[in-house]
Amino acid sequence: MTNKINTQIKIGKLKLKNPVMTASGTFGYGLEFEKFFDLSKLGAIVTKGLSLEPVKGNAPQRIVETPAGMLNAIGLQNIGVKNFISEKLPFLKKYKTPIIVNVYGRRIEEYIEVANILNDTEVEGIELNISCPNVKKGGLQFAADKKAVEKIINGIRKKYKKTIIVKLSPNTGNIEDMAIHCERCGADAVSLINTIIGMAIDIKTRKPILANIFGGLSGPAIKPVALASVFKVARKVKIPVIGIGGIMNYKDALEFLIAGATAVQIGTANFIDPLTCIKVIKGLHDYLKENKIYDINKIIGTIKTE
Amino acid sequence: MINNGKVIFNTKLNDTIYYLRIKVPISFKVQPGQFINIKVSDDYVPLLRRPFSVFNYEKGFIDILYKVIGDGTKKLSQKKKEDILDFIGPVGNSYVDFFSEDESKEKNIYLVAGGTGFASIHFFAKWLLNKKIKFKLFYGAKNKKEIFQRFCKNFDMVIATDDGSLGNKGMITSFIKGNRETIIFCCGPQSMLKTIQSIRAYKKFASFESYMGCANGVCLSCVIKIKNGKDFDYVRVCKEGTVFDLDDVIII
Ligand SMILES: Cc1cc2nc3c(=O)[nH]c(=O)nc-3n(C[C@H](O)[C@H](O)[C@H](O)COP(=O)(O)OP(=O)(O)OC[C@H]3O[C@@H](n4cnc5c(N)ncnc54)[C@H](O)[C@@H]3O)c2cc1C
Ligand SMILES: Cc1cc2nc3c(=O)[nH]c(=O)nc-3n(C[C@H](O)[C@H](O)[C@H](O)COP(=O)(O)O)c2cc1C
Ligand code: FES
């Protein structure tokens, strides 16, 4: 006799069949992965950051590899939310997986406009990127600005009825304070961490390798920082925390769940093994089964600190 | 798409260049100009896969020709016979997408290869040879050691080396005389491609390299500038390329 294992979790109004989502900017608009696996198996798909109008992005060189990680300064190149809705969403929505749009704005009003446009579509939630290190406007300028964050969330809430996630980074200010602030302002969840600011220099030319000088560090190199952030924030807020940073396999994902994350996002790993998300989903399921834990919610936040 | 192929050989050809053969299923199909994205490491250093053009294809086997320049290619050079290689591919478009057999009957087909750009051009040259289409190959490299004549049987060829140790001395591009009857297909360093932009020709196509994160169209790291009226767009080398109409590209 086999007991059925429950891997379903809740983020705001969203019910996910499992806690594994894709991290923004590492999964495109989803469709490039159709050839690798059935997208219906994912907990949720988070799109590349979308703004009101298309954005060209930064000049190349845009990425560079670093030990166990990579720096990126893509500069939020995207097709704009309207093109996403007309060109990509019709294909994406046929999968039985909730779509979450990562939203980026240069102005407070832009976040609100994009959210309002998405309110009338099949997109089931938004993730507000207020922590991108690679753009001069938006991004980090808002990450430490509590007033701006409040205006963004309140402005969106007026019309937007679905799930709001706010994405945070440890780059500026105190991530716990900001998470508490987001909860107070009415966010349904927080996701962390976005990439960490870094740089690399070519010793021959003495020039920064990235045209943007700075980039965001991702991959296994940032996992310990991400884990500590999730642990700290999860103790302070009641809303779900989504753990992101350097997850390469189900064991990494488990660490985040134990630290207090309700769900996880997988980023850089998608570049190396496009099947990572599927393998993590299976790995988590098998782990629960082997350990006779019949509900994934029973493992969340079970870290023992004494 | 994700393949595990056995290494048949991984032979050192000179100080830095290796010739690797991988076994693939008979059903595996690849066109000249396409590339594969190889996982060179089992741990996290280097983390990302490394892209390499397909150098040669024969039913059940693909070859690459690569130069060791950093940690990733060094790890690749340590792969031994019988090792299993994890690679994704084939990726990208092909020279063939831009090739018209009718046009080739009236025009002169020139292939231009610089350095390891020879890899994909070689595959295309073999493809043309197979179809009995005439072409001329312009092949340039640093020195004699980096010119692989053994792979150029039956190619009508002009060679140039920087030091004159084989063929002409100087840049290969200075030995190309194009006119309105010439169609150029090329691959090599961007400086070479930029020079070719100013050579007269009926049409020019080039395969580009760039720093790649995913080779799957999602990370947007591999972009180059493509003209769009008076403006430009950043376009993905791994998805819309690697082969582009050379006149459309803005090389900085
Ligand atoms: C589509 C494509 C096809 C390619 N085909 C071939 C091929 O057939 N044969 C071959 O020898 N090489 C080929 N390359 C280049 C090859 O991928 C790089 O040499 C390799 O990734 C370097 O890895 P590494 O870890 O050894 O070097 P790294 O340690 O990553 O880098 C060493 C140095 O090389 C530079 N570099 C890294 N990646 C690239 C790149 N993609 N292009 C140019 N410079 C780079 C770095 O900036 C650095 O200065 C191709 C690249 C692309 C994008
Ligand atoms: C190439 C690249 C592009 C990214 N683009 C975005 C983006 O558009 N919006 C966003 O919120 N985060 C973006 N991120 C950050 C990731 O979503 C994630 O937070 C970060 O990479 C850490 O997770 P990882 O270590 O699993 O990659 C991007 C990351 C990478 C590597
Ligand atoms: S390498 Fe990622 S989009 Fe081309």
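Note that this is a predicted model, so its numbers are computed, not measured. For the numbers below, each heavy atom of this structure counts, side chains included, while hydrogens, waters and symmetry mates do not.
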> I'd like to know if B:R21 and B:D63 make a salt bridge, using a cut-off of under 4.0 Å between side-chain N and carboxylate O.
yes

> Taking the side chain as C-beta and beyond, is there a heavy-atom pair between A:V20 and A:V264 under 4.5 Å?
yes

> Does a salt bridge link B:R236 with A:E32, judged by any charged N lying under 4.0 Å from a carboxylate O?
yes

> With a 4.5 angstrom heavy-atom cut-off, which part of A:Q77 approaches chain B: side chain, backbone, both or neither?
both

> Start with the C-alpha gap between A:D273 and A:K279, add the side-chain angles, then the distance that decides, and say whether salt bridge (Lys or Arg N to Asp or Glu O under 4.0 Å) holds.
CA-CA 10 Å; A:D273 181 357; A:K279 288 178 182 169; 2.6 Å; yes

> Heavy-atom distance under 4.5 Å between the side chains of A:L192 and A:S169, does that happen here?
no

> A:F36 versus chain B, heavy atoms under 4.5 Å apart: side chain, backbone, both or neither?
side chain

> Any salt bridge between B:D245 and B:K204, counting N to O under 4.0 Å?
no

> So what's closer than 4.5 Å to chain A heavy atoms on B:I88: side chain, backbone, both or neither?
side chain

> Using heavy atoms and a sub-4.5 Å threshold, report which of residues 38-53 of chain A line up against chain B, by residue number.
A:K48

> Is A:A269 in contact with chain B via its backbone, its side chain, both, or neither, using a 4.5 Å heavy-atom distance?
neither

> Does the side chain of B:T16 reach to within under 4.5 Å of the side chain of B:I69, using non-hydrogen atoms?
no

> Mind ranking A:I272, A:T66, A:L31 by heavy-atom pairs under 4.5 Å with chain B and telling me who comes out on top?
A:I272

> So what's closer than 4.5 Å to chain A heavy atoms on B:D231: side chain, backbone, both or neither?
side chain

> Do the side chain of B:K225 and the main chain of B:Y234 share a donor and acceptor less than 3.5 angstrom apart?
no

> Got B:Y66 and B:L20 here, is their nearest side-chain heavy-atom distance under 4.5 Å?
yes

> Name the region of B:K239, side chain, backbone, both or neither, that has any atom closer than 4.5 Å to a heavy atom of chain A.
side chain

> Can you pull out the residues in residues 31-54 of chain B with any heavy atom less than 4.5 Å from chain A?
B:K39, B:Y44, B:V45, B:P46, B:L47, B:L48, B:R49, B:R50

> Would you say that A:M21 contacts A:I100 through its side chain, given a criterion of any heavy-atom pair below 4.5 Å between the two side chains?
yes

> Quick one: do A:K282 and A:D286 make a salt bridge, cutoff under 4.0 Å?
yes

> Under the side chain to side chain contact (heavy atoms under 4.5 Å, CB included) criterion, do A:E122 and A:L89 qualify, and how do the steps go?
CA-CA 8 Å; A:E122 289 84 358; A:L89 193 56; 3.7 Å; yes

> Do A:R62 and B:Y211 have side chains that approach each other closer than 4.5 Å (heavy atoms only, starting at C-beta)?
no

> Please look at A:T268 and chain B and tell me whether the side chain, the backbone, both or neither of the residue comes under 4.5 angstrom of a heavy atom of that chain.
side chain

